[in-house]
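Chain identifiers are assigned alphabetically (A, B, ...) following the order of the sequence lines, protein sequences preceding nucleic acid strands; residue numbering begins at 1 within each chain.
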Amino acid sequence: MSKKIADALLSWYAARRRSLPWRDQPEPYAVWVAEVMAQQTRLESMLPYYERWMARFPNMQTLAAASEQEVLTLWEGLGYYSRARNLHRAAQIVVREYGSWLPESVAGLMKLPGIGRYTAGAIASLAFGVDAAAVDGNAVRVLTRVFNLEDSVGSSALGKQVWARAEALLPEGQAADFNQALMDLGAGLCAPRNPDCAHCPLRDYCEAYALGIQEQRPVRAARQALPQRDFAAVVLERGDAVLIRQRPSEGLLANLWEFPNVEIHNPKRGKAELRREWSPEVEPRKRIQVLEHSYSHFRARLQVYRAQGVLPGEWVPVAELERYPMGKLDRQIAEGLRDALG
DNA sequence: GAAACGTGGCT
DNA sequence: TAGCCAAGTTT
């Protein structure tokens with residue numbers, strides 16, 4: 001049965017495979033960058049970033065030699081910024097300790113920061129032809145449906161089963177095509193909702209389809225609703241420069257730059273909160289804009305005020321703000337400044 | 001093992 | 001609309 005499933009999948013893939021920049025002539029560095037960029041991110045979203053990244057950092061050495069500031073700037077907008085910092089750190093390790101060559105084994109790859117089991121399997125199979133499985137969210141969806149696996153996503157029980165199933169199916173010498181076929185199928189036909197079972201190469205082997213419960217796999221534990229938190233930010237001007245500061249090296253938006261801000265519990269109290277924190281003169285009537293955005297673990301709302309006063313940070317001309325990596329909200333403030341101050 | 005970590009697209 | 005979920009890893 002395993003061979004039939006793998007054959008059906010490989011035949012489908014041979015006819016349907018998409019052309020991707022790192023897929024046709026898999027070069028290890030390119031595969032690594034692409035796989036990290038694709039973590040928790042749709043291919044359509046990361047593709048423009050990938051092209052820009054490869055143009056600026058075409059190989060391990062250019063990446064290792066770059067500044068973290070520039071690395072983060074190229075990553076800005078993609079999210080999960082520790083991926084960029086880990087890529088940068090790993091490149092420096094590879095250049096310094098491995099003669100600029102990426103390890104070829106799953107175990108060796110997993111020693112590098114930012115490379116877990118999935119990414120190690122993907123690089124080993126796609127770039128080095130190793131017979132390693134690579135189970136991502138798409139593969140989990142396909143496998144839980146084909147084998148009607150009922151443990152919930154994220155549980156160790158399901159993790160063991162999907163990896164065991166993937167490894168059992170893995171056709172010798174064709175891990176790269178098999179892994180990518182599984183992911184392509186999950187990203188396309190075997191979608192979370194409204195899967196196109198009529199055209200699925202695995203329909204005849206799919207237990208969930210036979211039971212009519214495709215959309216009930218994989219089983220997911222209920223998520224916590226995102227808490228909402230409110231912040232008030234200030235724009236301090238000195239000539240044509242504004243004050244920004246760098247965030248801590250750990251946690252949310254680590255090492256990115258932001259406009260000085262304080263958390264407020266009631267947006268209407270923004271002015272009082274700002275005064276208490278810094279005792280500058282705050283002018284809420286000159287508010288530039290109100291922004292709102294969902295982060296992975298809370299919903300942030302940012303109100304922007306102009307203020308006078310002195311705070312720790314760096315004065316940066318508005319025209320140079322683009323070289324300072326920021327999260328989405330702060331970038332929107334920076335973009336709005338041209339009009340507001342111009 | 002659970003929680004933290006960004007952002008965008010789709011329903 | 002509000003919620004779901006995505007080519008996962010780290011702490």
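Contact check, A:Q40 against C:dA6: no side-chain N or O comes under 4.0 Å of OP1 or OP2. Regarding contacts with the backbone of C:dA6, a side-chain N or O of A:R220 is found under 4.0 angstrom from either OP1 or OP2. Considering only side-chain N and O atoms, A:R141 lies under 4.0 angstrom from the phosphate OP1 or OP2 of C:dA6. When the side-chain nitrogen and oxygen atoms of A:R117 are compared with OP1 and OP2 of C:dT9, none of them lie within a distance under 4.0 Å.
We find that CG of A:L329 is positioned 11 Å from C1' of B:dT7, with the value rounded to whole Å. Note: CG (A:D330) to P (B:dG6) measures 13 Å, nearest angstrom. If you measure from atom CD of A:Q216 to atom P of C:dC4, you get 16 Å, rounded to the nearest angstrom. Between A:E76 atom CD and B:dT7 atom P the separation is 9 Å, expressed in whole Å. If you measure from atom CH2 of A:W75 to atom C1' of B:dT7, you get 13 Å, rounded to the nearest angstrom. One atom, CG of A:L253, and another, P of B:dG6, lie 5 Å apart when rounded to the nearest Å. Rounded to whole Å, the distance from CG on A:L112 to C1' on C:dG8 is 16 Å. Going from atom CZ of A:R42 over to atom P of C:dC4 covers 15 Å, rounded to whole Å.
In this structure, A:G154 reaches neither bases nor backbone, as no heavy-atom distance under 4.0 Å exists between it and the strands shown. At a threshold of 4.0 angstrom between heavy atoms, the contacts of A:R331 with the nucleic acid are absent. Looking at heavy-atom distances under 4.0 Å, A:L256 makes no contact with the nucleic acid at all. Residue A:S45 is out of contact with every strand shown, counting any heavy-atom pair closer than 4.0 Å. Contacts of A:D184 with the nucleic acid, taken as non-hydrogen atoms under 4.0 Å apart, include base atoms. At the heavy-atom level, A:G77 lies under 4.0 Å from the strands shown only through sugar-phosphate atoms. At a threshold of 4.0 angstrom between heavy atoms, the contacts of A:S155 with the nucleic acid are absent.
Of the two residues near DNA chain C, A:I115 and A:A38, the one whose nearest nucleotide lies more 5' is A:A38. Taking for each of A:Q39 and A:S156 the nucleotide of DNA chain B with the nearest heavy atom, the 5'-most of the two is the partner of A:S156. Nearest-nucleotide assignment on DNA chain C puts the 5′-proximal partner with A:L20, out of A:L20 and A:R89. Take the nearest nucleotide of DNA chain B for A:R193 and for A:G251: the residue whose nucleotide is more 5' is A:G251.
Remark: the A:Y118 side chain and the A:E35 side chain contain an N/O donor-acceptor pair separated by less than 3.5 Å. No side-chain N or O of A:Q303 forms a donor-acceptor pair with one of A:D230 less than 3.5 Å apart.
Taking atom P on both nucleotides, C:dA7 is separated from B:dA3 by 24 Å, rounded to a whole Å. For B:dG8 and C:dT9, the P atoms lie 22 Å apart once the distance is rounded to whole Å. C:dC5 and B:dC5 have their C1' atoms separated by 15 Å, given to the nearest Å. The gap from the C1' atom of C:dT10 to that of B:dG1 amounts to 13 Å, rounded to the nearest Å.
Checked for salt-bridge contact, A:R331 and A:E322 miss the test: no charged N lies under 4.0 Å from a carboxylate O. Classification of A:D184 and A:R23 as a salt-bridged pair holds, one side-chain N sitting under 4.0 Å from a carboxylate O.
Closest approach of A:G121 and A:A134 over heavy atoms only: C-CB, 3.9 Å.
Comparing B:dG8, C:dG8, B:dG6 against the side chain of A:T119 picks out C:dG8 as the nearest. For A:Y81, whose side chain is taken as the heavy atoms from C-beta onward, the closest listed nucleotide among C:dG8, C:dA6, B:dT7 is B:dT7. Closest to the A:P192 side chain, of the nucleotides B:dC5, C:dA6, C:dT9, is C:dA6.
Taking CH2 of A:W315 as the reference point, atom CG of A:L236 lies at 5.0 Å (rounded to 0.5 Å).
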- Just do the side chain to side chain donor-acceptor pair (under 3.5 Å) check on A:S249 and A:N255 with the steps written out, would you? CA-CA 5 Å; A:S249 59; A:N255 281 5; 4.6 Å; no
